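Computed from a predicted model, the values in this text were never measured in an experiment. Basis for what follows: all heavy atoms, side chains included, without hydrogens, waters or symmetry-related copies. First listed ligand is number 1; within each ligand, the first listed atom is number 1.
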Amino acid sequence: MKEMLFPKGFEKRMKDRLGDDWPKFAEVHGQPAPVSVRINPAKSASLNSEKIPWTDFGYYLIERPSFTFDPLFHAGVYYVQEASSMFLEQALKQATDLTQPLRILDLCAAPGGKSTHLLSLLHKNSLLVSNEVIRSRATVLAENIGKWGNINAIVTNNDPEDFKNLTGFFDVIVVDAPCSGEGLFRKNPEAMQEWSEENVEHCSLRQQRIVNTIWPALKQNGILIYCTCTYSEKENEENIKWLVDNKKAESLALKVKSDWGVEEIHNGNIYGYRFYPHKITGEGFFISVIQKKEEQQEITAHTKKIFDHPSKKIIERLADWFTFFDDIELVLHHELVLALPKRYLFDITLLNKVLRIIQKGTAVATLKHDKLIPEHALALAHLLHKKNFKSIELTHEQAISYLRKDTLNIAGERGYALMNFKNTPIGWANLLGNRMNNLYPSNWRIRS
Ligand code: SAM
């Protein structure tokens, strides 16, 4: 068992706080971090593995498999995610009405753990705006959202400041704030090199700034879910206290089962929930739910659409591609046909005016003259009418070859076909009689 050399200031603070529990906390840092995944309920029913108690979709794995060589990982059948952060589900279930459509913003969203989880929980007529400020991270976020397969997500690449005009637009805002990362020291010991009292202070001020900036975008009575993967009070309780003291806001209590091992914090009018790795099977985490009580003017969505549409003939040809058609609108962006949720067209028009949208809805096909070339995102989308396409079931070896973008030795009637692994689409191929064109996106291909 390896022993961790914690930063001195951190060790002192945690020893003072944990008292007799400190040796257990220190010891658990010498053990391997548990591995857990969250399944995509739209693609898979369950896993034969130990369940994570606070979520319907999370499971612990006995060992860490090679996810890269599992085609189902690339198909968005599950997401590899740390168990504590799946507690977001409790916050959402207990503080919001998930039987109603909601507009929800995940402000610090990359690589997409919380966003994909939200998509599995929200009413299907909800709209998720999943935002990431760092461009390269936003690209990864868009990839993960695309794999999850929902039509009702928009991915943006903006600074929190850019949301300032969207007053009262969102019913729920999730701020999974950049933090000092103390809760991830076991998984990522290098994070200890960057730890300092000054950095904790710097993170705390940045978190306050982020929450303060995004606050006007939340509706009156809307819910802000604030979380971090750190233990420091400055970045957690003190920020919640700052919010409740400086805004008209109420910190909400959540029900937590005693056998979950989650620490409930109740200081005056502040509630928070802390996860310690020696008490739960997972990493360090903090979450708190705040309801906005002050009046907030709401921006009204535009009533003028900006989208072009494909011709009626194209729309008719595409109708067979989908399992549902009434709720979607097909729009044309240059040569790309996109499926967007009809009820949010005005909202998306408004968002398009103020934000940098890098992905919206589901990319369906590229229109080349009169030809429709199916998009990769469509193969992974819930709206795809799989039965109306030719499908080829691949062996594991073939599937890995396909994901490497090799040319497979597959003959068949000409046309586009879904490449399936265990009955789940992993992408498209264009069958050309005695050979095939592999349409897997080049930049996603397995390189190892
Ligand atoms: N929610 C993500 C998930 O579950 O996969 C993890 C988010 S991570 C804890 C915090 C994110 O905040 C990072 O992607 C980081 O790039 C972003 N970030 C960094 N500085 C920021 C800022 N000033 N404003 C908003 N987001 C920021």
Short question: side chain of N158, backbone of L355 - any donor-acceptor pair under 3.5 Å? no
Ignoring hydrogens, just give me the one of T213, V174, I214, I210 whose non-hydrogen atom is nearest atom 22 (C) of ligand 1. I210
Taking 4.0 angstrom as the limit, do D20 and K15 come out as a salt bridge? no
Run the side-chain contact (heavy atoms from CB on, under 4.5 Å) check on E82 and R38 step by step: do they pass? CA-CA 9 Å; E82 190 283 300; R38 184 173 37 74; over 6 Å; no
The protein heavy atom nearest to atom 20 (N) of ligand 1 is P178 CG, 3.6 Å
Numbered atoms and elements of ligand 1 in range of P111, under 4.0 angstrom, heavy atoms: 5 (O)
Heavy-atom distances under 4.0 Å are what count here, so tell me which part of D176 touches ligand 1: side chain, backbone, both or neither. both
Suppose we measure from atom 6 (C) of ligand 1 to each protein heavy atom; which comes out shortest, and what is that distance? A110 O, 3.0 Å
Give me the nearest non-hydrogen protein atom to atom 5 (O) of ligand 1 as residue plus atom name, then the distance to 0.1 Å. G113 N, 2.8 Å
Distance-minimising heavy-atom pair for S251 and Y271: OG-N, 2.8 Å
Of the non-hydrogen atoms in A109 and S130, which two are nearest, and what is the gap between them? CB-OG, 3.4 Å
Closest protein heavy atom to atom 27 (C) of ligand 1, given as residue, atom name and distance to 0.1 Å: V133 CG1, 3.5 Å
Has ligand 1 got any nitrogen or oxygen that is less than 3.5 angstrom from a nitrogen or oxygen of Y79? no
Can you tell which part of E132 has a heavy atom less than 4.0 Å from ligand 1: side chain, backbone, both or neither? side chain
Is the distance between the ring centroids of Y79 and H117 under 6.0 Å? no
Against heavy atoms of I134, which atoms of ligand 1 measure under 4.0 Å? 16 (O)
Cationic tip of K8 above W195 ring, under 6.0 Å, 45° of axis: no
The answer for which part of R137 has a heavy atom under 4.0 Å from ligand 1 is side chain
Could you tell me whether K248 and E294 make a salt bridge, using a distance below 4.0 angstrom between a side-chain N and a carboxylate O? no
Side chain, backbone, both or neither: which applies to P160 and ligand 1 if a contact is any heavy-atom pair less than 4.0 Å apart? side chain
Counting from 1, what ligand 1 atoms have a heavy atom of A109 closer than 4.0 Å? 1 (N), 2 (C), 3 (C), 5 (O)
Which residue and atom name correspond to the protein heavy atom nearest atom 11 (C) of ligand 1, and how close is it? C108 CB, 3.7 Å
Can you list the steps and then say if R209 with E161 is a salt bridge (Lys or Arg N to Asp or Glu O under 4.0 Å)? CA-CA 10 Å; R209 212 167 47 236; E161 191 65 33; over 6 Å; no
